[in-house]
Amino acid sequence: ETGVTQTPRHLVMGMTNKKSLKCEQHLGHNAMYWYKQSAKKPLELMFVYSLEERVENNSVPSRFSPECPNSSHLFLHLHTLQPEDSALYLCASSQGLSYEQYFGPGTRLTVT
Amino acid sequence: KQEVTQIPAALSVPEGENLVLNCSFTDSAIYNLQWFRQDPGKGLTSLLLIQSSQREQTSGRLNASLDKSSGRSTLYIAASQPGDSATYLCAVRDSGNTPLVFGKGTRLSVIA
């Protein structure tokens, strides 16, 4: 596989479920990002990791919990979500924080 | 706080037409600006990255210009094709370590 991959591509979960989104980059990058894209709103940055350390947390509710076990993998753990959390969740990576970002295909999340 | 605006929100043109997409930003002291393409329900593909010291970048039929002093960038697409139909997103970075700030995008339809 090349580039940035995300699994699953689609996820439907109830408000009491716990699930995780996975992102993997095969580009040798050392920075990874989670974004949320809701209808008719700009992309919202959620979390940034650089060299496996979290460097940005944009006031994201605690029901979203990121994990970066190594420079190639990034997870977003979800629990007790709300219907308004339904969105496309995009992962990206870059060589460094100021470098061009490469995006994965996204996970379409629906919370029922 | 940096804000990015893209006008128009949607654009429909006949195949073969040259077109310009606009991006404006409120704080002109940017580090770089990036144009992305997003197909429906998919991730973002980076098209062009312009550093603050550059005036333009070209890739194939695409040309992006940057006028920092007026807080504007344009993406010029020559000889448009139906395959160019997508949403085009503009994003700016204020400094080397700050996150990208995205506009809402322009949804382009090229009619055969």
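Labels below follow one simple rule: chain letters A, B, ... track the order of the sequence lines, proteins then strands, and each chain is numbered from 1.
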Checklist entry - What about A/Phe103 and A/Leu27, same hydrophobic cluster or not, with Ile/Leu/Val/Met/Phe/Trp/Tyr joined at side-chain heavy-atom distances under 4.5 Å? => result no

Checklist entry - Going by residue number, which parts of residues 101-112 of chain B are within reach of chain A, meaning a heavy-atom gap below 4.5 Å? => result B/Phe102, B/Gly103, B/Lys104

Checklist entry - Is there a path from A/Met46 to A/Leu81 through hydrophobic residues (I, L, V, M, F, W, Y) whose side chains come within less than 4.5 Å of each other? => result yes

Item to check | A/Tyr99 vs B/Asn32 side-chain heavy atoms within contact, under 4.5 Å | outcome: no

Next on the checklist: Would you say A/Met15 ends up clustered with A/Tyr89 if hydrophobic residues are merged whenever their side chains have heavy atoms under 4.5 Å apart, either directly or through other cluster members?
Outcome noted: yes

Checklist entry - What residues of residues 36-68 of chain B sit under 4.5 Å from chain A when you count only heavy atoms? => result B/Phe36, B/Gln38, B/Gly41, B/Lys42, B/Gly43, B/Leu44, B/Ser46, B/Leu49

Checklist entry - Quick one: what part of A/Gln101 sits under 4.5 Å from any heavy atom of chain B, side chain, backbone, both or neither? => result both

Checklist entry - Are B/Leu89 and B/Leu21 joined in one hydrophobic group, where the rule is that I, L, V, M, F, W and Y side chains link up if heavy atoms are under 4.5 Å apart? => result no

Checklist outcome for this item: Comparing A/Gln6, A/Arg108, A/Lys41, A/Gln37 against chain B, the one with the most heavy-atom pairs below 4.5 Å turns out to be A/Gln37

Checklist entry - Between B/Trp35 and B/Val13, is there a shared hydrophobic cluster once you connect ILVMFWY residues whose side-chain heavy atoms come closer than 4.5 Å? => result yes

Checklist entry - If you draw a 6.0 Å radius around CD in A/Glu53, do more than 12 non-hydrogen atoms from other residues or ligands fall strictly inside? => result no

Next on the checklist: Please classify the contact of A/Leu88 with chain B as side chain, backbone, both or neither, using a heavy-atom distance under 4.5 Å.
Outcome noted: side chain

